[in-house]
Structure formats: C-alpha cells, structure tokens
Peer 1: 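There's a structure below that I have some questions on.
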Amino acid sequence: MTTPHRRERPVVAVIGSVDPDREFNPPLRNAHLAPSACRELGRELALAGFDLAVFSSKPKYVESYVVEGYADGTDEAQPGTVYVHLPRHREADFRLPPGGGMRIEVVRDSSSEWEVSFYRTIVGCDGAVLIGGGQSTRVAGVVAMSQRVPLLPVAAFGGGAGLVWVNLDKVRNDALDEDMAVLGGDWAPDSGQRLAACLQAQRHRRETFRVAAEQKARRSARRSATGLAVAALLTVLSLLGIIVSGEPRPADARGLALLLGAPLLAAMSGAIIRNSFEPTPSWPTSCVRGLGAGMVAVLTYVAAQLLAVPAMLDELDVRRLLFFVITIGFTAGFTFDLVFERLRAAPDPSDSRASGPAQDTN
C-alpha cells in the first residue's frame with residue numbers, strides 16, 4: 001500500500017459529512033453553509049501547497065466539495081494531487097471537468113475492511129481536516145490526536161468535528177490558543193485561509209518538536225555510549241588491581257588503596273551499566289551513586305573481616321580479598337537503588353516503636 005507521508009508534498013486527510021438526510025449526534029449546525037465552506041477550504045489548501053487524501057466521492061461526504069474547491073486552486077503552474085484511498089471493491093468519480101492542474105491517484109488497499117485503510121491512512125498523513133460527521137469522524141480525530149497529527153476540527157458546523165475540537169482543547173499537541181479560536185469560530189469569508197495557515201503552523205511546530213526529539217535522542221545515545229566506555233575502563237582498572245597487588249605483606253598505604261579503590265571503581269562501573277538501561281541515562285550521576293553504594297558495601301565487608309580476624313592487617317593478602325570485594329563492589333553499584341532503599345528503610349533509633357517493646361494503647 002502507498003502511504004501519503006512518503007510523498008514530497010504534505011498530504012492532508014479530509015474527513016466528515018454534512019448530509020442533511022442523516023442524523024448526527026451531536027447535530028450539525030449551519031449545514032447549508034458547509035458545501036461552500038468546504039470548497040473554499042479546499043481551494044486554500046491547494047494554494048498552500050498541500051495534497052489531499054480522501055476516501056469517497058459521494059456527495060454525502062465533505063470530500064466531494066473539498067476536492068471541487070481544490071481543483072479550482074490548482075493549475076499547470078501549481079499542480080496538486082488527490083489520493084483516493086479505496087477498498088479493492090469500490091470506485092470513485094468526482095465528475096470534474098478535464099484539464100487543470102489536479103491529478104487523481106487511486107490507492108487500493110488489500111484489506112476487505114474499510115476501517116483498516118481509513119485509520120492507517122490518517123496516521124500516515126501530515127494533517128487532517130474534520131468537518132461535521134459522526135462517530136467515525138470523532139474516532140478519526142482521536143486517532144490523529146494520539147499520533148500528534150496536525151488537526152483541523154472545524155467546529156463551526158457541529159457534528160463529530162465539534163466534539164474533536166473540544167477534545168483537542170484539552171490535549172492541544174501543537175495547537176495554540178489562537179489556533180483553537182480559529183477552529184472554534186463561526187465561518188467567515190477568510191476562514192479557509194486562516195485554517196490553512198493554522199495547519200501550516202501546526203506542521204511547523206510538529207517538525208520543530210520532531211527535530212528536537214531526534215537531537216535529544218542522539219545526545220542521549222552519545223551519553224550512553226560514553227558511559228559504557230567509561231564503565232569498561234573502570235572495570236579494567238579495577239581488575240588491574242588484582243594483577244599489581246603483589247604478595248601478602250603487612251598493610252600499607254598502597255595495599256589499602258588497592259583494597260578499597262579497586263572495588264569502588266567496580267561499583268561505579270556497575271552503576272553506569274545499570275543506568276544505561278534507563279530511558280534517560282546520566283552516567284556521571286550514576287557514577288556518584290555507585291561510588292556511595294560501593295563504599296557502604298565494601299567497608300561493611302572489610303569491617304566484618306577485621307572483626308572476625310583482628311590480625312588481618314598484619315599479613316594482608318590484598319589479591320585474595322580483591323576477588324571478593326571487586327565482585328561485592330560491582331554488585332553494590334549495579335543494585336545501588338536497592339542499597340539506598342535498604343538504608344532509607346532502616347529503623348530510626350530514636351523511634352521508641354522501633355527500639356522498644358510494643359505498647360498497649362487500648
């Protein structure tokens with residue numbers, strides 16, 4: 001299936017109905033003005049450089065009126081294309097005079113369910129215009145809002161488009177206060193031009209947002225790659241401690257530095273690796289947290305060894321201990337959130353309920 005958003009020119013989906021023989025909930029308003037308004041809007045969309053995506057040529061849908069106006073706004077110097085998305089068993093005929101700058105391209109969908117083609121096309125478009133309509137129009141607007149598709153729910157004629165305008169006022173996406181005023185106002189002679197300009201502005205803001213999001217993602221990827229490189233370096237440096245530790249001897253500054261420094265490097269490495277799984281990794285912050293968690297875990301282990309073997313420092317076997325404390329440090333860094341959670345959950349000694357027997361308060 002050909003998708004509109006792959007085209008060079010922006011494509012706008014046109015959706016809705018102002019058929020006076022149908023009952024709409026909520027009802028239509030000023031329906032007698034809608035056909036001429038649709039023609040005017042179609043002309044302004046052509047002048048603004050948009051292509052259209054439509055789904056039917058039947059007069060009961062607004063596409064037929066919008067395409068009429070679109071044809072008037074195109075010529076050989078400024079051509080335009082209307083993509084007619086149809087299930088494989090349907091046809092469309094807009095009964096337009098030959099000539100002009102408008103080209104009609106029929107896009108067949110392999111699905112036998114029209115809803116699949118309908119909603120999939122809306123998501124792939126660069127904008128959507130909603131006029132009147134009922135439940136399908138309302139659902140189409142909700143789908144477009146969920147995908148941040150620039151939206152023009154023309155509330156002047158009520159129907160499902162009016163409800164979408166109310167919903168858009170709560171979500172906004174790329175619509176500003178002035179856009180909501182244009183979309184919610186009564187139809188005026190310059191409404192078509194203002195609506196086309198509103199759609200252009202929303203598209204510009206969406207593109208700005210997309211570029212900013214891509215730049216943020218690239219920066220995040222660079223930070224993550226830098227963090228992993230730092231983690232690898234810290235891991236190698238911590239393991240080098242085992243190689244340079246030497247034979248057992250009385251504790252000195254060098255031996256204690258290796259005993260405490262190597263596992264702290266491993267703790268920072270573990271914290272950075274753990275943080276790389278987060279949506280917004282920040283390796284400097286995780287490095288500091290890992291250092292704190294590693295310090296608590298390693299000092300606790302060393303203190304326990306000193307209590308068990310008071311003479312350990314007289315003949316300190318740094319190499320043997322490093323095999324344990326590097327592992328402890330890395331684990332503490334990788335699970336630093338659990339370490340800090342355990343510290344926060346420690347009972348307060350000043351709290352009588354934590355340190356003393358339970359009191360009968362009945």
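Scope of the values below: all heavy atoms of this structure, side chains included, with no hydrogens, waters or symmetry mates.
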Peer 1: Go through the structure and list residues passing side chain to side chain contact (heavy atoms under 4.5 Å, CB included) with Val309, not counting sequence neighbours.
Peer 2: Met312
Peer 1: Could you pull out all donor-acceptor pairs under 3.5 Å where a side-chain atom in residues 22-39 meets a protein atom, sequence neighbours excluded?
Peer 2:
unit_1: Arg22; atom_1: NH1; unit_2: Ser17; atom_2: OG; d: 3.3
unit_1: Arg29; atom_1: NH2; unit_2: Ala155; atom_2: O; d: 2.7
unit_1: Ser36; atom_1: OG; unit_2: Leu33; atom_2: O; d: 3.0
unit_1: Arg39; atom_1: NE; unit_2: Glu68; atom_2: OE1; d: 2.9

Peer 1: Could you measure the distance from the CG atom of Asn167 to the CG atom of Leu151? Nearest 0.5 Å is fine.
Peer 2: 10.0 Å
Peer 1: Not counting sequence neighbours, list each pair that qualifies as a salt bridge (Lys or Arg N to Asp or Glu O under 4.0 Å) and has a residue in residues 149-165.
Peer 2: none
Peer 1: What closest approach, in Å, do Ala71 and Leu96 show between heavy atoms, and which atom pair accounts for it?
Peer 2: CB-CD1, 4.2 Å
Peer 1: Tell me the closest heavy-atom pair linking Val149 and Ala128, and the distance in Å.
Peer 2: CG1-N, 4.3 Å
Peer 1: Parallel, tilted or perpendicular for Tyr83 and His85, by the 30°/60° rule?
Peer 2: tilted
Peer 1: Would you say Arg172 has more than 12 foreign heavy atoms packed within less than 6.0 Å of its CZ?
Peer 2: yes
Peer 1: Is it true that Phe324 and Leu264 fall in one hydrophobic cluster, defined by side-chain heavy atoms closer than 4.5 Å?
Peer 2: yes
Peer 1: Could you check if a side-chain atom of Leu321 sits within less than 4.5 angstrom of a side-chain atom of Leu316, using non-hydrogen atoms only?
Peer 2: yes
Peer 1: Could you name each residue pair satisfying salt bridge (Lys or Arg N to Asp or Glu O under 4.0 Å) that touches residues 132-159, not counting sequence neighbours?
Peer 2: Arg148-Asp174
Peer 1: Check the hydrophobic clustering (I, L, V, M, F, W, Y; side-chain heavy atoms under 4.5 Å; chains of links allowed) and say if Val139 and Val171 are grouped together.
Peer 2: yes
Peer 1: Would you say Thr327's side chain and Phe323's backbone share a donor-acceptor pair under 3.5 angstrom?
Peer 2: yes
Peer 1: Using 0.5 Å steps for rounding, measure from the OG atom of Ser245 to the CG atom of Asp317.
Peer 2: 7.5 Å
Peer 1: If you compare all heavy atoms of Leu313 against all heavy atoms of Leu256, which two are closest, and at what distance to 0.1 Å?
Peer 2: CD2-CD2, 4.3 Å
Peer 1: Extract all donor-acceptor atom pairs below 3.5 Å that involve side chains of residues 222-235 and protein atoms in other chains or at least two apart in sequence.
Peer 2:
unit_1: Thr226; atom_1: OG1; unit_2: Arg222; atom_2: O; d: 2.8
unit_1: Thr235; atom_1: OG1; unit_2: Ala231; atom_2: O; d: 2.8
unit_1: Thr235; atom_1: OG1; unit_2: Ser269; atom_2: OG; d: 2.6

Peer 1: Please check this pair: side chain of Asp75 against backbone of Gly101, looking for a donor-acceptor N/O pair closer than 3.5 Å.
Peer 2: no
Peer 1: Can you tell me how far apart CD1 (Ile15) and CG (Leu152) are? Round to the nearest 0.5 Å.
Peer 2: 11.0 Å
Peer 1: Taking the side chain from Tyr70 and the backbone from Phe50, do they hold a donor-acceptor pair closer than 3.5 Å?
Peer 2: yes
Peer 1: Counting N and O atoms only, with roles assigned by atom type, does the side chain of Glu63 sit under 3.5 Å from a partner on the main chain of Phe55, one being a donor and the other an acceptor?
Peer 2: yes
Peer 1: May I ask you to decide if Val154's main-chain N or O and Trp165's side chain share a donor-acceptor pair within less than 3.5 Å?
Peer 2: no
Peer 1: Any pair with a residue in residues 197-207 that passes side-chain hydrogen bond (donor to acceptor under 3.5 Å, both in side chains), sequence neighbours left out, goes on the list, sorted by first then second residue, please.
Peer 2: Asp179-Arg205, Glu207-Arg210
Peer 1: Give the minimum heavy-atom separation between Glu105 and Thr81, together with the two atoms involved.
Peer 2: CB-CG2, 4.4 Å
Peer 1: If you group Ile, Leu, Val, Met, Phe, Trp and Tyr by side-chain heavy-atom gaps below 4.5 Å, do Leu47 and Val129 land in one group?
Peer 2: no
Peer 1: Do the non-hydrogen side-chain atoms of Val84 and Phe94 ever get within less than 4.5 Å of each other?
Peer 2: yes
Peer 1: How far does CG of Asp72 sit from CD of Glu44, to the nearest 0.5 angstrom?
Peer 2: 11.5 Å
Peer 1: With hydrophobic residues grouped by side-chain heavy-atom distances under 4.5 Å, do Tyr61 and Leu41 end up in a single group?
Peer 2: no
Peer 1: Go through the structure and list residues passing side chain to side chain contact (heavy atoms under 4.5 Å, CB included) with Thr285, not counting sequence neighbours.
Peer 2: Ser282, Arg289
Peer 1: Show me, pair by pair, the donor-acceptor contacts under 3.5 angstrom made by side chains of residues 184-199, not counting sequence neighbours?
Peer 2:
unit_1: Ser191; atom_1: OG; unit_2: Ala188; atom_2: N; d: 2.7
unit_1: Ser191; atom_1: OG; unit_2: Ala188; atom_2: O; d: 3.2

Peer 1: Do Tyr301 and Leu260 share a hydrophobic cluster (ILVMFWY, side-chain heavy atoms under 4.5 Å, transitive)?
Peer 2: yes
Peer 1: Once you round to the nearest 0.5 Å, how far does CZ of Arg95 lie from OG of Ser57?
Peer 2: 8.0 Å
Peer 1: Tell me, which pairs form a salt bridge (Lys or Arg N to Asp or Glu O under 4.0 Å) where one or both residues lie in residues 155-165, sequence neighbours left out?
Peer 2: none
Peer 1: Compare every heavy atom of Thr74 with every heavy atom of Ala46, then report the nearest pair and how far apart it is.
Peer 2: CB-CG2, 3.8 Å
Peer 1: With the side chain counted from C-beta on, respond yes when Glu315 and Pro250 share a heavy-atom pair under 4.5 Å apart, and no when they do not.
Peer 2: yes
Peer 1: At their closest point, which heavy atom of Gly290 faces which heavy atom of Ala271, and how far apart are they?
Peer 2: CA-CB, 3.5 Å
Peer 1: Within the structure provided, determine whether Leu322 and Pro263 are in side-chain contact (heavy-atom separation under 4.5 Å).
Peer 2: yes
Peer 1: My understanding is that only residues two or more places apart in sequence, or in another chain, count here; which of them pass side-chain hydrogen bond (donor to acceptor under 3.5 Å, both in side chains) with Glu91?
Peer 2: Arg108
Peer 1: Can you check whether Leu168's main-chain N or O pairs, donor with acceptor, with Asn173's side chain at less than 3.5 Å?
Peer 2: no
Peer 1: Please collect all salt bridge (Lys or Arg N to Asp or Glu O under 4.0 Å) contacts where either partner lies in residues 242-266, sequence neighbours excluded, each pair once.
Peer 2: Arg249-Asp252
Peer 1: Going by the rule side chain to side chain contact (heavy atoms under 4.5 Å, CB included), which residues pair with Gln215 if we only count those two or more places apart in sequence or in a different chain?
Peer 2: Val211, Arg218, Arg219
Peer 1: So how far is it from Phe334 CZ to Asn275 CG, rounded to the nearest 0.5 Å?
Peer 2: 11.0 Å
